[in-house]
Amino acid sequence: MAMKVKDEVMKVIDALKASGFNPVDAVFEGAMGVKEDTTLSFVDKLNDAQMVSGVIRVIYTVGEEQVRFVEIPVGNPQDQQGGQEK
């Protein structure tokens, strides 16, 4: 079984913190903030139902002024393009 989106995002945030970086936010393609556990659980439900496709960006800072991000793909983008015949 694949790792849940929530678990993967939280592990990335924890790894960034442990490495001395400052995670600022996590967003799903800029459409909604997903740093909260309840929102990530909702994204997991959408992902399980194959109703979501996109990227979650974990945004963090290096030092005081340098902003970086890590991208985590969500869903299956191939399913969104053209569909499949049954």
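Index from 1, following the sequence.
In this structure the side chain of V55 never reaches within 4.5 angstrom of the side chain of V74, judged on heavy atoms. No side-chain heavy atom of V67 sits less than 4.5 Å from a side-chain heavy atom of V24. Side-chain contact between V58 and L16 is present, with at least one heavy-atom pair separated by less than 4.5 Å.
Here the straight-line distance linking atom NZ of K6 with atom CG of N47 works out to 14.5 Å at 0.5 Å rounding. Between atom CD1 of residue I72 and atom CD1 of residue I56 there is a gap of 6.5 Å, rounded to the nearest 0.5 Å. Atom CG of L40 and atom NZ of K45 lie 12.5 Å apart (nearest 0.5 Å). If you take CG on D25 and CD1 on I13, they are separated by 8.5 Å, rounding to the nearest 0.5 Å. To the nearest 0.5 Å, the span separating CD1 on I59 from CG on N22 amounts to 12.0 Å.
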**Request:** Take F21 and V62 through the side-chain contact (heavy atoms from CB on, under 4.5 Å) test and state the conclusion after the steps.
**Result:** CA-CA 6 Å; F21 298 109; V62 178; 3.7 Å; yes

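One finds a salt bridge joining K4 and D48 here, because a Lys/Arg side-chain nitrogen approaches an Asp/Glu carboxylate oxygen to under 4.0 Å.
Closest approach of D44 and V5 over heavy atoms only: OD1-N, 2.6 Å.
Cation-pi check for R68 over Y60 is not met; the charged atom does not lie both under 6.0 angstrom from the ring centroid and within 45 degrees of its normal.
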